[in-house]
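As C-alpha cells, the structure follows; a few thoughts come after it.
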2 protein chains.
Amino acid sequence: MTISSRFAVGIHILTLLELNKEINTSETIAGSVNTNPAVIRKIIGMLKKVDLVEVHPGKAGAKLKKGLADITLLDVYQAVEVVSENELFSLHEHPNPDCFVGRNIQQTIEPIFISAQLAMEKVLLNVTLEDVVREIDNK
Amino acid sequence: MTISSRFAVGIHILTLLELNKEINTSETIAGSVNTNPAVIRKIIGMLKKVDLVEVHPGKAGAKLKKGLADITLLDVYQAVEVVSENELFSLHEHPNPDCFVGRNIQQTIEPIFISAQLAMEKVLLNVTLEDVVREIDNK
DNA sequence: ATTACATGTAATCATTATAGTTACAGGTAT
DNA sequence: ATACCTGTAACTATAATGATTACATGTAAT
C-alpha cells in the first residue's frame, strides 16, 4: 500500500503555479505532471475547496491564493484527502469480545497508531511550499 | 487508503500467544481475531520468517520466540510487510523532464516523504509488545 | 499403519482505491 | 457565433485486501 500520488501531484501543481508565470491551464499543468488534464482539474478542485487555489469555470488559469510560506505540506495532504483523520492504520474489525485479548486489543492499539500517524503529519506541517520552491530554485 | 489490518492482526496474534497459555492453533487464534484460520496461518508465516514466532508444520500451536520486551511494533510492522521501505508515499511517475519543475520535483519531495515516514516508524520502534500486553493486563 | 488433526500454500472471489480516459454541460471572452 | 476553458460524471484497467475453499504435507496417538 502507498499513499496516493495525488499528494505529490498536488505539491507539483502548487509549485508550478508559483514558478511558471504563464497562464496555467489544466492542459499546461498536465503537460508538466505528465498526466491527463481531467486528473489535474480534479485535484485543483480539491485544492480550491480548501482555499489554496483560485480558479474559475470557463476562465483559463489557476492561481495560488496564499503566500508560499503560509502553505504547509500538511495543508496539501489534507486537501487531497489521501489519508483520513486518525485512519492511516486499519484495525481489524470485530475481534472476539468473549476473548480477553479480543475485547481489549483495539482500544490498546488505536492510540499508538494515532500517535504514529501524528508524528508523520507533524513533519509535513513543518515543511512549507516555500521550502519546496527554494529547493527547486537551487537546482 | 489505509495500512493493512495485517499489522493490527499481527499484534493481536503475538499478544494472544503471550496471554493465552493454552495451545494456540490457527483456529484458536482465528476465533479471537474473528477471521479465517488461513489468514492467521499466512500472517504467522510472516512472523515466523523474521523469527518472532516458532511454529512447525503439522504440529499444533505457535509460540513466541523472543521476549516481549525485545519485540517492537516496528518489528511486527516490517514482518507483515504493510509498507515498503521508503515507499509510504507515492511519487507520480515520469513528470516532464523538459519542465523545470517536472525535472526537479521528485528529488525535492522524496527526502521529505521519507523523513515523514521515518518519524512515523520511530514511534512504532519505541513501543514494545510488553507495553501492549501490560496495557491489556491493566483492563 | 491408520486415523485424526495441524500447518503451509495456492487458487479463487468480492470489494475497494487508484489513475487514466472520454465525453459533455456550462462558463468566459473575443 | 466561435473558440476555449473548467467542472464533473461515467467508464475502464489495474492492483491490493481480506475471506474462503481446497489440498498437499507433516505430526502424533492409538
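We name chains A, B, ... by the order of the sequence lines, and we start the count at 1 in each one.
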Between [N] ([atom2]) and [X] ([atom1]): distance, integer Å:
X	N	atom1	atom2	result
B:Glu54	C:dA6	CD	P	18 Å
B:Glu93	C:dA19	CD	P	10 Å
A:Ile40	C:dT22	CD1	P	16 Å
A:Lys59	C:dT30	NZ	P	10 Å
B:Lys49	C:dT7	NZ	P	18 Å
A:Glu27	D:dT6	CD	P	9 Å

Using OP1 and OP2 only, check whether a side-chain N or O of [X] sits under 4.0 Å from [N].
X	N	result
A:Ser90	D:dT17	no
A:Ser26	D:dT6	yes
B:Arg41	C:dA6	no
A:Thr35	C:dG20	yes
A:Ser4	C:dA19	yes

Once you apply a heavy-atom cut-off of 4.0 Å, does A:Ala38 come out as touching a base, just sugar-phosphate, or nothing? base

Would you mind classifying the nucleic acid contact of B:His56 as base, sugar-phosphate or nothing, using non-hydrogen atoms under 4.0 angstrom? sugar-phosphate

Between A:Ile3 and A:Pro37, whichever has its closest DNA chain C nucleotide further toward 5' is A:Ile3

From the list [options], which nucleotide is the closest neighbour of the side chain of [X]?
X	options	value
A:Pro57	C:dG27, D:dG18, C:dA29	C:dG27
B:Arg6	D:dT17, D:dA19, C:dT18	D:dT17
B:Lys48	D:dG18, C:dG8, C:dA6	C:dG8
A:Val39	D:dT27, C:dG20, C:dA6	C:dG20

Going by atom types alone, do A:Ser90 and B:Ser5 pair a side-chain donor with an acceptor below 3.5 Å? no

DNA chain D nearest-nucleotide lookup for B:Gly58 and A:Ala60: closer to the 5′ end is A:Ala60

Reading DNA chain D from 5' onward, which residue's closest nucleotide shows up sooner: A:Gly45 or B:Asn36? A:Gly45

Please check if atom NZ in B:Lys48 has more than 12 non-hydrogen atoms from other residues, nucleotides or ligands closer than 6.0 Å. yes

Any non-hydrogen side-chain atom of B:Leu16 less than 4.5 Å from a side-chain atom of B:Ser32? yes

Taking all heavy atoms of A:Gln106 and all of A:Leu91, pick out the closest pair and write down the distance. NE2-CB, 4.1 Å

Please name the pair of heavy atoms, one in A:Leu19 and one in A:Ile136, separated by the smallest distance, quoted to 0.1 Å. CD1-CG2, 4.0 Å

